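Positions are given from 1 along the sequence. None of these values were measured; they are calculated from a predicted model.
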Amino acid sequence: MKLTESERAENREFLARMTLLQRLDYIFEYYKFPLVLMLIAVVALGSILYYRITYKNTLLCVAYANIAVGDTMNSALGEGFLRSIGADPGKNEVKVYSGLYLTQDASVQNHQYSYASRLKIMAAMTSRQLDIMLMNREAYDIMSAGGYLLPLEELITRDSALAGRIAGKLTENTVILDDNDIEHKLDESIPYQAVTKSASNAILISSFDLFERAGFSGDVYLGVIGNSTRIDAVLQYIDYLTAET
C-alpha cells in the first residue's frame with residue numbers, strides 16, 4: 001500500500017530518533033528477506049567470477065608415484081612443458097597427483113598408504129583424469145602387472161624423430177592377463193598361478209638430460225595410462241622430457 005506524504009514524514013522522524021544500532025535492527029527486521037536474497041546473489045556472482053578468473057584448461061594429467069619431485073623439477077615438468085608448446089601457464093595447466101606411494105609391502109602402515117594411493121589412481125583413471133605416470137621400478141612393476149599401462153611401440157612410431165631418440169630406452173615388463181590371486185590369498189595352500197605376457201610399456205626416462213640434472217637417486221620410468229584421451233599431448237610431453245638441452 002502506498003504511503004501518504006504525512007506517513008512518510010512520520011517514518012523519517014521515527015528513524016531519525018533511533019540510534020545506529022536500532023536503525024540496523026529495524027532494517028534487518030523489515031527487509032531481511034530481500035537482504036538475504038541479495039546476499040545469495042552476490043555470493044553466487046562472486047563464485048562465478050572467481051571460477052572464470054582462476055579456471056585453467058587441463059592439457060595433461062601426470063602422477064608421481066614413489067618419487068620425490070622438488071619445486072624446481074615440478075615447475076619444469078609443468079610450466080616448463082606448457083611454455084615449450086606455446087601454452088600460457090596462466091590459462092592452462094598440467095594437473096599433478098603427487099605423493100603417491102605404491103608397494104607390495106604387507107606392513108600395516110605401508111599397506112594403508114599404498115591402498116589410499118591405489119584408490120586415488122583408480123579414481124583418476126576411471127574419470128579419465130590421468131594420462132602419464134612418473135614412477136620408480138616398484139610402482140612401475142605394480143602398474144604394469146595390473147595392465148594399466150599402454151604398450152608404447154606403436155604410439156612412439158607416430159613420431160619418427162622421437163622413436164629414434166628413445167631407442168633402447170623402452171622397457172619391457174610383465175602384464176598379468178589372469179591369475180588366482182584371490183583364491184591364493186584366501187587359502188595359501190593353493191599355489192599362485194598366473195597367465196602373463198610381456199609388453200614394452202614404459203620409458204626409462206631418468207637417463208635423459210632433464211632428469212639427470214635433477215639428481216634422482218634411482219631409475220625413473222614413464223608410463224602412459226591405457227585409457228588416456230590426450231594422446232597428442234602425451235606425445236608432446238614425452239618429446240619435451242626427452243629433448244637434449
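- N173 contributes atom CG, which lies 10.5 Å from atom OG1 of T196 (distance to the nearest 0.5 angstrom).
- One distance of note links CG of D159 with CD of Q236; it measures 10.0 Å at 0.5 Å rounding.
- Interatomic distance, T242 OG1 to I166 CD1, rounded to the nearest 0.5 Å: 7.0 Å.
- Through chains of ILVMFWY side-chain contacts below 4.5 Å, Y221 is grouped with Y97, L100, L102, I121, M122, M125, L130, M133, M135, Y140, I142, M143, Y148, L149, L204, I225.
- Residues K169 and F208 form a side-chain contact, since some pair of their non-hydrogen atoms from C-beta on lies under 4.5 Å apart.
- Going from atom OG of S117 over to atom CG of N66 covers 8.0 Å, rounded to the nearest 0.5 Å.
- Summarising the geometry of P89 relative to K56, their closest heavy-atom pair is O-NZ, 3.1 Å, with the distance given to 0.1 Å.
- A distance of 8.5 Å separates CD1 of I205 from CG of L210, quoted to the nearest 0.5 Å.
- A donor-acceptor contact shorter than 3.5 Å is absent between the side chain of R137 and the backbone of G218.
- The shortest non-hydrogen separation linking L222 to L152 is O-CD1, 4.4 Å.
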Tell me which donor-acceptor pairs under 3.5 Å the side chains of residues 71-86 have, and how far apart each pair is, sequence neighbours excluded?
residue: N74; atom: OD1; partner: Y64; partner atom: OH; Å: 2.9
residue: S84; atom: OG; partner: F81; partner atom: O; Å: 2.6

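- Annotation for C61 and R230: closest pair SG-NH1, 3.8 Å, computed over non-hydrogen atoms.
- In terms of the salt bridge (charged side-chain N to carboxylate O under 4.0 Å, His left out) criterion, R128 has no residue partners (sequence neighbours excluded).
- In this structure, I176 shares a hydrophobic cluster with Y192, the cluster being traced through Ile, Leu, Val, Met, Phe, Trp and Tyr side chains under 4.5 angstrom apart.
- Judged by distance alone, with hydrogens and angles left aside, the side-chain atoms of N180 form a donor-acceptor pair with the main-chain N or O of P191 at under 3.5 Å.
- Within the 4.5 Å cutoff, the side chain of Y237 has no heavy atoms near those of the L59 side chain.
- With S228 contributing its side chain and D131 its backbone, the two residues share no donor-acceptor pair below 3.5 Å.
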V224 and I238: CA distance, side-chain angles, deciding distance, side chain to side chain contact (heavy atoms under 4.5 Å, CB included) verdict: CA-CA 10 Å; V224 179; I238 297 173; 4.3 Å; yes

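- Counting non-hydrogen atoms of neighbouring residues, nucleotides and ligands closer than 6.0 angstrom, the CD atom of E154 reaches no more than 12 such neighbours.
- Residues passing the side-chain hydrogen bond (donor to acceptor under 3.5 Å, both in side chains) test with T103 are E138, sequence neighbours excluded.
- A salt bridge between D239 and R165 is present, with a side-chain N of the basic residue lying under 4.0 Å from a carboxylate O of the acidic one.
- Shown are L60, T58, N57; of these, the side chain to side chain contact (heavy atoms under 4.5 Å, CB included) with E93 is made only by T58.
- The hydrophobic cluster containing V195 also includes V175, L177, under a criterion of side-chain heavy atoms closer than 4.5 Å among ILVMFWY residues, counted directly or through chains of members.
- Distance check, rounded to the nearest 0.5 Å: OG of S200 to CD of E153 gives 4.0 Å.
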